[in-house]
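Reading through the structure tokens given below for one structure.
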Amino acid sequence: DPAEPNWRVLHASCLGLVGDYATAAAIFEEALAGAPNQPGVWLSLGHARRTEGKRAEAVAAYRRAIALEPGLGDAYWSLANLKTQRFDAAEIAAMQAQLKRPEIVGEDRFHLHYALGKALEDLGDWAGAFGHYAEGARLRREEAPYDPGELTGLVDRSTVLFTRDFLAARADWGAPAPDPIFILGLPRSGSTLVEQILASHSAVEGTMELAEIGAIAREFGRAARRGRGAPYPEVLGELAAEDIARIGQTFLDRTKIQRKQGKPLFIDKMPNNFQHLGLIRLALPKARVIDARRHPMATGFSCFKQHFARGQAFSYELGDIGRYYADYLRLMRHFDALEPGRVVRVIHEDLVANPEAEIRRLLGALDLGFEPACLNFHATDRAVRTASSEQVRQPIFREGLDHWRHFETWLGPLKAALGPALETWRT
């Protein structure tokens, strides 16, 4: 029933998942025209407008949601998460007042802590900011438990399974399409900047962080738990050539709905895909892979103070972040040793220091001709659905590279867990 408000909002939410943000926003606005006192719908409208790059409209929608529901922590966090929005004294006082209310619990409470952390960080109150980030992370961790041993074990088993001979014997088994460009690594490592640069090229379409590779890996895991095949990733060694090709084609089929521009290449920017580099290598042998890498302390603290809606449970404890980064380096080095140069590495600090040289190097490594639009990436009009959406709509700035040092006093667990990676992270 097109007149039923709940169905219309659900329809808009689904459109957002497949990248049709303009239509989604229009539906949200129609719903609000008939029933304007819905803070959740105003919040959803803000998300859609922010993704489109319509910052003023997003801010207005978030503020309207707060006016209707002053304890809606997600609306405050959404303002903070724009990265370009500063709270005034009255807004800070309002958030502090909400935290004093015992009925403010769960998502509202941890979102308010993250938002206050950003507000105090902007004021240079490093201790106050870290205190709110730490409390937000503690509350979030209670809802999203994490076992760091799972990734360590996956990396251990992957380095045993994927050998030079194993890959050579299956070199051409996968789907032959060269369409995907995977940008992987850790969140908050400059991957959205790399995506925006590449999406400014006439041959490349930027989509979003796609869940398909992880979903395929989880399907193998569920099958193993039901007694149907070996565990992942060992099960990949039991598959025939046609099975591997089918996996690659499944990825291409599932992501087709995200491709709207008719360009030959498209980007999957899911950072967690580094865990499945062997799967990508087998199923999509002609895909291009970029490892977006940043200083581990900058990456680690940036992850810690960022509330992720889903999928990054490692980021709510500093020691877990350091171990996660070290495991990531270990797996990437393994594949670098097997096939040197196959994965293109982009060091964020180098890209910021020498953007034109690094952009030309990146395009050349991907067999893409240089185009001036890639240097003028901030002018590219496209939807960006990550925490860096507003930052990549501006020219490159250098000010944030060492910002983590303001918080170094509290980052000892991160340093300890990183171990040697703190010095060897570039290689």
Original post:
Have Arg55 and Thr84 got a donor and an acceptor in their side chains that come within less than 3.5 Å?
Top reply: yes
**OP:** Please determine if Arg170 forms a cation-pi arrangement with Phe166, meaning its NZ or CZ atom is less than 6.0 Å from the six-membered ring centre and no more than 45° off the ring axis.
**Re:** yes
Original post:
Between Glu371 and Ser202, is any side-chain donor less than 3.5 angstrom from a side-chain acceptor?
Top reply: yes
Original post:
Taking everything shown except His406 itself, do over 12 heavy atoms lie less than 6.0 Å from its NE2?
Top reply: yes
Subject >> Ring centres under 6.0 angstrom apart (Tyr21, His47) >> reply: no
Subject >> Under 3.5 Å donor-acceptor, Asp108 side chain and Gly73 backbone >> reply: yes
Original post:
Atom CG of Leu279 and atom CG of Leu284: how far apart are they, to the nearest 0.5 Å?
Top reply: 8.0 Å
Subject >> Ile257 atom CD1, over 12 foreign heavy atoms within 6.0 Å >> reply: no
Original post:
Any chance the side chains of Arg140 and His307 put a donor and an acceptor closer than 3.5 Å?
Top reply: yes
Original post:
If you measure only the distance, is there a donor-acceptor pair under 3.5 Å linking the side chains of Arg323 and Thr152?
Top reply: yes
Subject >> Trp126/His403 aromatic ring centres below 6.0 Å >> reply: yes
Original post:
Under 3.5 Å, is there a donor-acceptor pair linking the side chains of Asn376 and His378?
Top reply: yes
Original post:
Between Thr424 and Arg333, is any side-chain donor less than 3.5 angstrom from a side-chain acceptor?
Top reply: yes
Original post:
Between Arg188 and Ser302, do the side chains contain an N or O donor and an N or O acceptor separated by less than 3.5 Å?
Top reply: yes
Original post:
Step by step, would you call Ile183 with Asp291 a side chain to side chain contact (heavy atoms under 4.5 Å, CB included)?
Top reply: CA-CA 6 Å; Ile183 304 176; Asp291 173 16; over 6 Å; no
Original post:
Regarding Asn272 and Glu209, is there a side-chain donor-to-acceptor distance under 3.5 Å anywhere?
Top reply: no
**OP:** Using the side-chain contact (heavy atoms from CB on, under 4.5 Å) rule, pick out the option among Leu32, Leu72, Ile66 that qualifies with Trp42.
**Re:** Leu32
Subject >> Flag side-chain contact, heavy atom, 4.5 Å: Phe182 against Lys269 >> reply: no
Subject >> Distance under 6.0 Å and angle within 45° of ring axis: Arg360 vs Phe370 >> reply: yes
Subject >> salt_bridge(Arg164, Glu339) N-O dist < 4.0 Å >> reply: no
Subject >> Heavy atoms from other residues, nucleotides or ligands near NZ of Lys286 exceed 12 (cutoff 6.0 Å) >> reply: no
**OP:** Indicate yes or no: does Asp320 engage Arg141 in a salt bridge with an N to O separation below 4.0 Å.
**Re:** yes
